[in-house]
Amino acid sequence: MQSKRIFPEGFYWGSATSSFQTEGGVENMDWAKGAKEGRVPMIGRACDFYNRYESDFDIVKELGHNCHRISIEWARVEPEEGKFDENEIQHYLKVLAAMRERRIKPFITIWHFSLPLWFSESGGFERSDSPEIFARFCGYVAKKLGNDCRHFSTINEPTVLASNGWVRGTWPPFKEVPGMGWALSNVPGHQENKKDKGWRNLFLYLRVLKNLARAHNAAYDAIKKNAFGAEVSIVHHIILFHANWNPINKFKAWFMNWFWTHRFIKQVYKKCDSIGVNYYLHKKFGGTETYAKTDMNWDVYPEGLCGALKMVGRYGKPLWVAEAGVADADDDIRGDYIKGLVSCMYTAIEQGVDLRGYMYWSLLDNYELAHGYDKRFGLVEIDYDTLERKIRPSAYVYKQIIENNGLVE
Ligand code: BGC
């Protein structure tokens with residue numbers, strides 16, 4: 001018999017990209033500098049999304065998506081402290097117009113990881129005035145783009161940024177708490193000797209996290225002031241910690257969920273109209289199960305999304321999945337993975353979570369951070385020599401789900 005799991009009317013179905021991972025050609029920011037110093041892979045022209053967004057949105061349309069999440073490149077818009085580049089804002093207005101023409105609802109993340117050099121070199125989010133600096137940028141963006149976009153997220157994954165930048169030392173500004181850099185030792189080109197190691201980084205990490213929470217809260221007010229009717233969110237990366245029957249393992253899972261998720265969300269949720277959830281990882285304490293692996297060597301465990309949504313659902317805000325997806329160059333697990341995610345979202349809604357949408361990460365293969373271009377998350381494959389786009393079969397699996405507004409099997 002046919003089973004139907006149909007989503008609420010108006011559910012957002014789409015995909016996500018971020019500026020520096022796809023646009024190409026940005027040199028005045030911290031990741032590009034880190035690449036020149038040999039600390040992370042070179043970025044170069046990436047997918048050239050900066051020039052090809054029109055044809056990429058044609059693909060988005062062809063795949064049936066009704067929304068798309070982009071980010072704004074801070075270094076383009078505010079290349080010098082307090083000086084804004086009107087031409088770059090015009091560029092993003094054109095990007096929004098291209099979406100509007102194709103009836104694709106825009107979701108803007110104002111800042112997705114990369115920082116202008118003037119800010120990163122002067123201390124970035126270690127600076128005590130960083131919340132005000134960030135809020136000024138967000139206010140400007142909201143003022144300029146607020147007529148053309150309703151959904152603004154302030155920060156993408158603050159807890160990931162702080163731990164990779166100040167504990168593991170694998171992302172700018174490459175600061176490591178001694179002994180904590182192990183986790184990315186399998187990254188090609190990962191260079192132990194190019195990090196700034198020291199116990200002081202632990203204090204800086206805590207300071208940065210605090211400033212990021214303050215920055216979100218200040219940005220919320222700035223966006224609301226400058227864009228009437230804007231809906232403001234934060235995008236949080238959830239690692240689902242869970243456990244077997246053992247009470248000690250249950251305690252570990254509880255502690256880690258507090259440490260990774262609640263500790264931060266508690267500081268910001270009051271200034272969130274909704275919360276974006278990114279899900280990729282889980283850790284089961286005492287678990288003996290074995291899992292197939294993605295190309296990132298992460299467990300294939302889409303089922304964890306349900307627990308992740310319930311964990312943040314308790315803050316009583318509407319949620320949307322701002323990212324979830326899989327690195328799978330051969331495209332042999334992506335289709336089922338998406339179905340698995342969608343099935344979990346349906347269960348979460350049935351169990352009372354106010355979930356409004358899903359954006360697959362990512363529309364295109366792109367610059368996968370410390371891994372460079374090897375890991376392929378795209379619904380659309382990129383040939384980096386010719387920049388040719390090729391839609392992967394799994395993109396049509398997702399398209400079918402969107403056409404049905406759910407799973408019909
Ligand atoms: C980030 C993306 C990244 C993806 C896959 C997320 O944590 O927001 O920028 O590409 O994970 O690693």
Side-chain angles (χ1 to χ4, degrees), residues 14-24 26 29-32 34-35 40-41 43 46-47 49 68-74 107-115 153-165 167-168 170-172 183-184 186-188 190 212 216 233-240 260-261 264 275-283 293-302 304-305 308 312 320-329 333-334 337-338 341 358-382:
S15 58
T17 44
S18 90
S19 52
F20 87 111
Q21 293 177 271
T22 56
E23 285 181 352
V26 201
M29 54 89 165
D30 55 353
W31 278 80
V40 284
I43 306 175
C47 313
F49 181 74
H68 187 75
R69 173 175 174 237
I70 56 163
S71 75
I72 305 295
E73 191 57 42
W74 188 349
F107 283 66
I108 290 181
T109 299
I110 298 184
W111 171 49
H112 192 124
F113 296 153
S114 49
L115 292 177
S153 304
T154 54
I155 308 177
N156 181 66
E157 300 188 344
T159 53
V160 175
L161 180 100
S163 66
N164 285 347
V167 178
R168 296 158 82 196
T170 47
W171 291 6
L184 270 201
N186 63 343
V187 170
H190 171 68
L212 289 171
H216 166 82
S233 58
I234 192 140
V235 174
H236 175 67
H237 173 282
I238 294 195
I239 300 175
L240 177 73
W260 187 254
T261 288
F264 190 83
I275 300 176
V277 170
N278 291 358
Y279 169 76
Y280 296 94
L281 296 168
H282 82 117
K283 160 85 188 149
K293 300 284 181 190
T294 73
D295 293 351
M296 297 290 282
N297 205 24
W298 296 344
D299 289 351
V300 176
Y301 188 64
L305 178 60
V312 188
W320 46 291
V321 177
E323 282 178 35
V326 68
D328 175 26
I333 52 175
R334 187 175 285 103
Y337 192 86
I338 293 175
L341 291 171
Y358 166 46
M359 293 174 211
Y360 176 83
W361 181 270
S362 176
L363 173 67
L364 308 171
D365 287 343
N366 59 60
Y367 178 76
E368 178 44 35
L369 311 168
H371 294 266
Y373 290 104
D374 285 350
K375 307 294 176 197
R376 292 175 175 267
F377 280 86
L379 292 171
V380 178
E381 181 183 342
I382 304 278

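Note that ligands are numbered from 1 as they come in the structure, with each ligand's atoms numbered from 1 the same way. Position 1 is the first residue of the sequence, and the numbers go up from there.
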| request: Can you sort out the partners of A324 under side chain to side chain contact (heavy atoms under 4.5 Å, CB included), two or more places apart, ordered by chain and number? | output: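 Checked A324 against side chain to side chain contact (heavy atoms under 4.5 Å, CB included); matches are V321, L341, Y358.
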| query | With hydrogens left out, which residues have an atom under 4.0 Å from ligand 1, given that only heavy atoms count? | reply |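 Only Q21, H112, F113, N156, E157, H237, N278, Y280, W298, E323, W361, E368, L369, F377 have heavy atoms that fall under 4.0 Å of ligand 1, ordered by chain and number.
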| message | Between T17 and S362, do the side chains contain a donor N or O and an acceptor N or O under 3.5 Å apart? | response |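 No, no side-chain donor-acceptor pair sits under 3.5 Å.
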| Candidates D365, I382, I43, N366 - the one meeting side-chain contact (heavy atoms from CB on, under 4.5 Å) with Y373 |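 Only one option passes, and that is I43.
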| D299 vs K293, salt bridge (charged side-chain N to carboxylate O under 4.0 Å, His left out): CA-CA, chis, key distance, verdict | CA-CA 5 Å; D299 289 351; K293 300 284 181 190; 2.5 Å; yes
| message | With heavy-atom distances below 4.5 Å as the criterion, would you say the side chains of D295 and E368 are in contact? | response |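 Answer no - side chains too far apart.
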| field | ring-ring contact (aromatic ring centres under 6.0 Å, His included) partner of H112, the single match among W361, F20, W74 | value |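 Between H112 and the candidates, ring-ring contact (aromatic ring centres under 6.0 Å, His included) is satisfied uniquely by W361.
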